[in-house]
Structure formats: structure tokens, C-alpha cells
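Residue numbering restarts at 1 for every chain, and letters A, B, ... go by the order of the sequence lines.
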There are 2 protein chains.
Amino acid sequence: MNLSVSEENYIKSIYKLEEGQDSVTTNALAYELDTKPASVTDMAKKLKEKKLIAYEKYQGINLTPEGKKAALQIVRRHRLWECFLVEKLAFSWEEVHELAEELEHVRSEKLTNRLSEFLGNPAIDPHGDPIPDAQGKMGKPRTQTSLHKSQAKRLEVMAVSDKSAALLEFLTAKGIRLGTQLDVIERYAFDNSIEIKIRNQPAFTISEQVSKNIMVKAI
Amino acid sequence: MNLSVSEENYIKSIYKLEEGQDSVTTNALAYELDTKPASVTDMAKKLKEKKLIAYEKYQGINLTPEGKKAALQIVRRHRLWECFLVEKLAFSWEEVHELAEELEHVRSEKLTNRLSEFLGNPAIDPHGDPIPDAQGKMGKPRTQTSLHKSQAKRLEVMAVSDKSAALLEFLTAKGIRLGTQLDVIERYAFDNSIEIKIRNQPAFTISEQVSKNIMVKAI
DNA sequence: AATAATATTTAGGTAAATCTAAATAATAAT
DNA sequence: ATTATTATTTAGATTTACCTAAATATTATT
Ligand SMILES: [Mn+2]
Ligand SMILES: [Mn+2]
Ligand SMILES: [Mn+2]
Ligand SMILES: [Mn+2]
């Protein structure tokens with residue numbers, strides 16, 4: 001199956017939005033891809049024709065097994081390139097998503113597998129997300145719990161779900177990265193903000209929007 | 001100046017064909033890009049509009065200084081990725097051109113410069129071609145002499161001008177790579193074939209098509 | 001159940017990059 | 001200097017991936 005760059009971006013976004021939800025909505029996909037609902041409907045017809053998605057008018061979109069397989073290959077390439085950029089070229093985690101968005105479209109299994117090998121077959125990317133293997137097998141995310149929902153007092157940061165440079169820069173500035181351990185000092189019911197503390201540094205408060213996107217594990 | 005992938009491929013091909021010639025012909029460019037002359041005329045108008053080429057109906061095509069600058073950046077990315085693939089991912093020289101043809105279109109100066117640094121700022125690519133620096137400065141090819149034209153008896157292979165997998169595989173099979181030293185045993189006027197010998201190995205004969213594409217330096 | 005609000009699709013269009021076939025210009029051969 | 005050949009351009013289509021505006025479905029609210 002030969003996919004265009006645009007088709008690949010759709011497939012990848014559908015895969016992302018499908019998680020949790022039982023089907024992906026036209027508007028959600030348009031928003032995710034920064035395009036218009038009418039364009040999504042057009043592409044949905046095309047991807048259905050190619051048997052990569054199940055789609056009936058007004059019924060939402062789901063990947064077929066074939067579509068999911070394609071999605072996992074794209075995700076694999078995306079995350080491997082992110083690793084490369086961070087580990088070999090010393091990019092920071094907020095710079096790599098955008099570049100990987102382009103590099104992911106170079107379709108060569110040999111290149112992908114050689115790159116993976118070169119990086120030591122990494123299992124997670126710079127944002128804590130698992131990397132599918134050559135067969136498309138991917139471990140479950142190491143945790144599904146956000147700092148926002150977690151009840152624990154002492155936590156370790158396992159992943160970040162929003163990959164915008166804005167959030168990632170903010171976290172870096174606050175000293176929060178993968179593996180960072182922190183204590184929850186206080187939760188404020190009024191705005192769901194959380195006061196946290198890293199090691200011996202002074203405590204500080206983060207908003208709900210931030211804590212929702214930090215995935216944690218109790219320690 | 002924001003160029004599409006297609007525009008970049010045109011610019012790069014014009015740059016390549018311009019060398020030696022004083023201008024590039026519609027048909028030559030169509031052949032090089034594996035497209036039709038009518039398409040070239042269309043694109044010529046567009047690139048002229050963007051001031052990347054000088055073009056008048058029936059008069060052939062030349063890069064403007066701006067166009068040349070753009071071309072050198074693309075060539076730089078192409079050749080750096082080729083180095084990466086060969087030196088870090090253990091690809092052979094006949095596999096890398098096609099992959100670099102795609103990777104070259106990821107436009108990020110930061111990525112390009114970091115990649116160059118990671119590779120130790122290489123000066124030549126796996127085919128012996130010089131790599132432009134960040135400013136677009138490129139050393140002259142180390143030699144302009146083909147094995148076909150050279151009069152010398154003892155030579156060193158400096159570059160290969162045809163990047164087709166067919167030729168490169170052939171050369172590899174015959175034990176010819178960059179830096180290989182060889183002796184010319186005989187030149188046959190009938191078909192311009194040449195008998196050569198590498199070290200202690202038995203001599204063999206190569207055709208004119210092959211010897212034309214091997215760039216050499218007398219030693 | 002009727003109406004309002006929201007979501008989705010359709011109709012009809014645009015821009016980029018290609019194509020084929022036909023027309024025209026430039027060059028080579030008589 | 002004609003004529004033939006080759007090169008190039010134009011005219012008119014096609015495909016992909018978008019768009020806006022209008023129509024239609026679905027869902028939520030009275
Ligand atoms: Mn992408
Ligand atoms: Mn990532
Ligand atoms: Mn290319
Ligand atoms: Mn090369």
C-alpha cells in the first residue's frame with residue numbers, strides 16, 4: 001500500500017485519537033490536523049476506499065487492522081527519529097516533534113530498522129512514549145495515570161502527553177523531565193492546581209492544564 | 001523562500017546539469033527528472049516568477065545567484081545524509097542516493113548543521129563529491145579527469161559521477177571503490193574499453209560507459 | 001414532539017504538479 | 001532557400017488535497 005504524506009498524517013492522527021474513544025469524530029480529526037471538517041470527509045472516503053479505515057456517513061472513523069498496522073509503522077519511525085535527534089544530535093525534547101513529523105514520512109524498512117539498531121533499539125521516545133518494534137508490537141504505555149488524577153504523594157514522571165513546544169519548554173524551565181521525582185504538597189480544589197516539590201528545591205504550583213499532561217507513577 | 005519538494009528537485013537538477021554547459025535545456029531537464037518537457041516549461045515559468053532561475057522562451061534555463069544558493073543547500077543536505085547512512089547505518093554506496101533523495105527535503109538549518117557536526121564535518125560524500133559548508137561554499141571536485149580520458153598509467157579512484165545502483169554495484173563487485181589504486185594495462189581503440197588491474201588481482205576489462213564515470217587522479 | 005444547536009456532508013471551486021496532443025519555433029539537411 | 005527534423009511551448013485535462021458556503025443529519029433543549 002503506497003500512502004501519500006497526507007494520508008499518513010491522517011492515519012497517524014486517527015490512531016492517536018482512537019485511543020480510549022470507540023471511534024474518531026470528523027471534527028476532532030479536523031482540529032487535530034489543523035484542517036476543515038469538509039476536507040476530513042473527503043479523505044475519509046479515500047481511506048475507506050483503500051480499506052485503511054471503517055467509515056460510514058455520520059458514524060465516525062475507525063482504523064481497520066491494516067490501517068492500524070500502517071499507523072504503527074509511522075509511529076515507529078516518528079519516535080525513532082525523535083530518539084536520534086535527542087540522543088545523537090543533542091536536540092531538546094521540545095524541538096524534535098516537529099522535525100520527526102517530516103522524517104517519519106521517509107518510508108524504508110531497512111532505514112528504520114538500521115536506525116533502531118544504531119540507537120540500541122530504544123523502547124521509549126524522548127517524551128516517554130513506547131516505540132513499536134519492527135513487527136508493529138508496542139508495549140502499553142508505562143502508566144495511564146496523569147498527575148492530575150493520581151492520588152499518590154510521591155511520584156515519578158513517566159511521560160508527557162502533550163508534545164507542544166510550549167508545554168515542554170515550560171516543564172524544562174521548571175526542572176521537570178522524564179524520571180523526575182516529585183512530592184505533591186497540596187491540591188487546590190478551587191482551580192485544580194497542584195503544589196509540587198522537587199528534591200530540595202522550593203515548592204511551586206502548576207495548573208490543571210499542565211498536570212493533566214504529566215503522566216506519573218507512584219513511588 | 002519556501003520551496004516545495006518538486007521545486008527543490010528541479011533546482012537541484014538544474015544545478016547539476018548547468019555544470020560545464022552554459023545553460024540547461026528543457027529536454028535535458030525533463031530526462032533528468034523523469035518527467036515530460038511540457039511539465040518542465042510549466043515549472044520554468046514558476047521558478048522564474050520566484051526569481052530562482054533566468055528563463056526566456058526557447059533560451060534555456062540558468063540558476064540566478066539566489067537559485068544557486070538554494071541548490072547548494074539541498075546538495076549539502078543530500079550529501080550529508082548519504083554520509084550518515086554509510087558511516088553510521090552501514091549502508092552501501094549504491095543504496096544511499098535514493099534515500100537521500102527524500103531526506104534532503106527536510107529543511108532545517110539546525111538539523112543540517114548538527115548532522116554535519118555529528119559526522120565530523122565531512123568534506124566529501126560516499127561517491128567522492130564535495131559537500132558544501134553551511135555558507136554554501138564548496139571545494140572544487142578533487143579531480144575533473146575521468147578514467148576514460150586520463151593518460152596516466154597508475155591511478156587512484158577519486159569519485160564516481162553516475163550514482164545509479166547499477167553502476168555502483170558493478171564497481172563494488174569488481175573491487176573498485178573510492179581510494180582504489182589501479183594500473184591501466186591496455187586501451188582498446190575499437191570500443192574504448194580499458195584493461196585494468198588492481199594490486200595483485202587478475203586484470204579485467206571495463207567498457208567506455210564505465211570508465212567515463214570513474215573520476216581519477218594520477219599517482 | 002418540536003425547536004434549537006451542533007456536527008457532518010455535499011456541491012462547487014482553487015492551486016500545484018503532472019499529463020497528452022497539437023501548434024509553433026529553432027536547427028539541421030538537402 | 002526550402003524542407004525535414006527536433007525542441008519547445010501552449011491548450012486543455014486530470015489528480016490530489018485543500019477550501020467556503022449551503023444543505024442535511026444528529027443531538028440536545030425546551
Ligand atoms: Mn508527519
Ligand atoms: Mn514523541
Ligand atoms: Mn529529492
Ligand atoms: Mn552522492
Side-chain angles (χ1 to χ4, degrees), chain A residues 1-14 17-18 20-63 67 70-71 74 101-102 104-107, chain B residues 1-14 17-18 20-63 67 70-71 74 101-102 104-107:
Chain A
M1 185 71 61
N2 233 27
L3 302 181
S4 69
V5 167
S6 189
E7 287 169 334
E8 286 197 338
N9 284 333
Y10 270 86
I11 291 292
K12 189 158 65 87
S13 290
I14 294 165
L17 296 177
E18 217 176 23
Q21 282 14 77
D22 63 50
S23 86
V24 176
T25 208
T26 303
N27 273 3
L29 193 47
Y31 181 80
E32 172 73 20
L33 286 163
D34 195 23
T35 184
K36 295 291 179 294
S39 307
V40 171
T41 301
D42 284 349
M43 184 59 93
K45 289 172 184 168
K46 204 173 310 170
L47 294 175
K48 182 191 178 172
E49 197 54 43
K50 292 195 171 191
K51 299 192 193 308
L52 294 165
I53 63 172
Y55 166 69
E56 295 301 330
K57 263 196 207 185
Y58 298 103
Q59 299 308 125
I61 294 171
N62 287 94
L63 291 177
I74 307 164
E101 204 53 52
E102 301 194 43
E104 70 187 0
H105 301 292
V106 178
R107 267 152 299 210
Chain B
M1 185 71 62
N2 233 29
L3 302 182
S4 68
V5 167
S6 189
E7 288 169 333
E8 285 197 338
N9 284 333
Y10 270 86
I11 290 292
K12 188 158 66 88
S13 291
I14 294 165
L17 296 177
E18 216 176 23
Q21 283 13 77
D22 63 50
S23 84
V24 176
T25 207
T26 303
N27 272 2
L29 192 47
Y31 181 80
E32 171 73 19
L33 286 164
D34 195 23
T35 183
K36 297 290 179 294
S39 307
V40 171
T41 301
D42 285 349
M43 184 59 93
K45 289 172 183 168
K46 203 174 310 171
L47 294 175
K48 182 191 177 172
E49 197 55 44
K50 292 195 171 192
K51 300 193 192 308
L52 294 166
I53 63 172
Y55 166 69
E56 294 301 329
K57 265 196 206 184
Y58 298 104
Q59 299 307 126
I61 294 171
N62 287 94
L63 291 178
I74 307 165
E101 204 54 53
E102 302 193 45
E104 70 187 0
H105 300 293
V106 178
R107 265 153 300 208

**OP:** Give me the one residue out of A/I14, A/T25, A/L47 that meets side chain to side chain contact (heavy atoms under 4.5 Å, CB included) with A/I61.
**Re:**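 The option that passes is A/I14.
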
Separation of atom [atom1] in [X] from atom [atom2] in [N], rounded to whole Å:
X: A/L47; N: D/dA17; atom1: CG; atom2: P; value: 9 Å
X: B/D42; N: C/dC19; atom1: CG; atom2: P; value: 10 Å
X: B/I61; N: D/dA7; atom1: CD1; atom2: P; value: 15 Å
X: A/L29; N: D/dA17; atom1: CG; atom2: P; value: 14 Å
X: B/D34; N: C/dA17; atom1: CG; atom2: C1'; value: 14 Å
X: B/K50; N: C/dA15; atom1: NZ; atom2: C1'; value: 12 Å
X: B/N2; N: C/dA16; atom1: CG; atom2: C1'; value: 14 Å
X: A/E8; N: D/dT16; atom1: CD; atom2: P; value: 16 Å

Kindly say if [X] contacts the phosphate of [N], meaning a side-chain N or O under 4.0 Å from OP1 or OP2.
X: A/K57; N: D/dT24; result: no
X: A/T35; N: D/dC19; result: yes
X: B/Y31; N: D/dA7; result: no
X: A/K46; N: D/dA17; result: yes
X: A/S39; N: D/dC19; result: yes
X: B/S4; N: C/dA17; result: yes

Within the structure provided, determine whether [X] and [Y] are in side-chain contact (heavy-atom separation under 4.5 Å).
X: B/T41; Y: B/K45; answer: yes
X: A/E104; Y: A/N9; answer: yes
X: B/Y31; Y: B/V40; answer: no

**OP:** List the atom of B/A70, the atom of B/L3, and the distance in Å for their closest heavy-atom pair.
**Re:**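 Result for this residue pair: CB-CD1, 4.3 Å.
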
**OP:** For A/Y10 and for A/Y58, locate the closest nucleotide of DNA chain D by heavy-atom distance; then report the residue assigned to the nucleotide nearer the 5' terminus.
**Re:**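 The residue closer to the strand's 5' end, by nearest nucleotide, is A/Y10.
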
Subject >> 5' precedence on DNA chain D between A/Q59 and A/K36 (nearest-nucleotide basis) >> reply: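 Closest to the 5' end, via its nearest nucleotide, is A/K36.
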
Test your reading of the model: is there a side-chain donor-acceptor pair from [X] to the backbone of [Y], 3.5 Å cut-off?
X: B/E18; Y: B/L63; result: yes
X: A/S4; Y: A/E7; result: yes
X: B/N62; Y: B/D22; result: yes

Original post:
Base, sugar-phosphate, or nothing: which does A/S6 touch, judged by heavy atoms less than 4.0 Å apart?
Top reply: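 Sugar-phosphate, backbone atoms only, no base.
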
Subject >> Selection from C/dT10, C/dA17, D/dA17 that lies nearest to any side-chain heavy atom of B/M43 >> reply: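 That would be C/dA17.
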
Original post:
Got a sec? Which of residues 20-28 of chain A come in under 4.0 Å of DNA chain C, heavy atoms?
Top reply: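 A/T25, A/T26, A/N27 - these, ordered by number, are the residues of the stretch whose heavy atoms sit under 4.0 Å from the strand.
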
Subject >> Nucleotide paired to D/dT27 in any strand shown, Watson-Crick or G-U, under 3.5 Å >> reply: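 Paired with C/dA4.
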
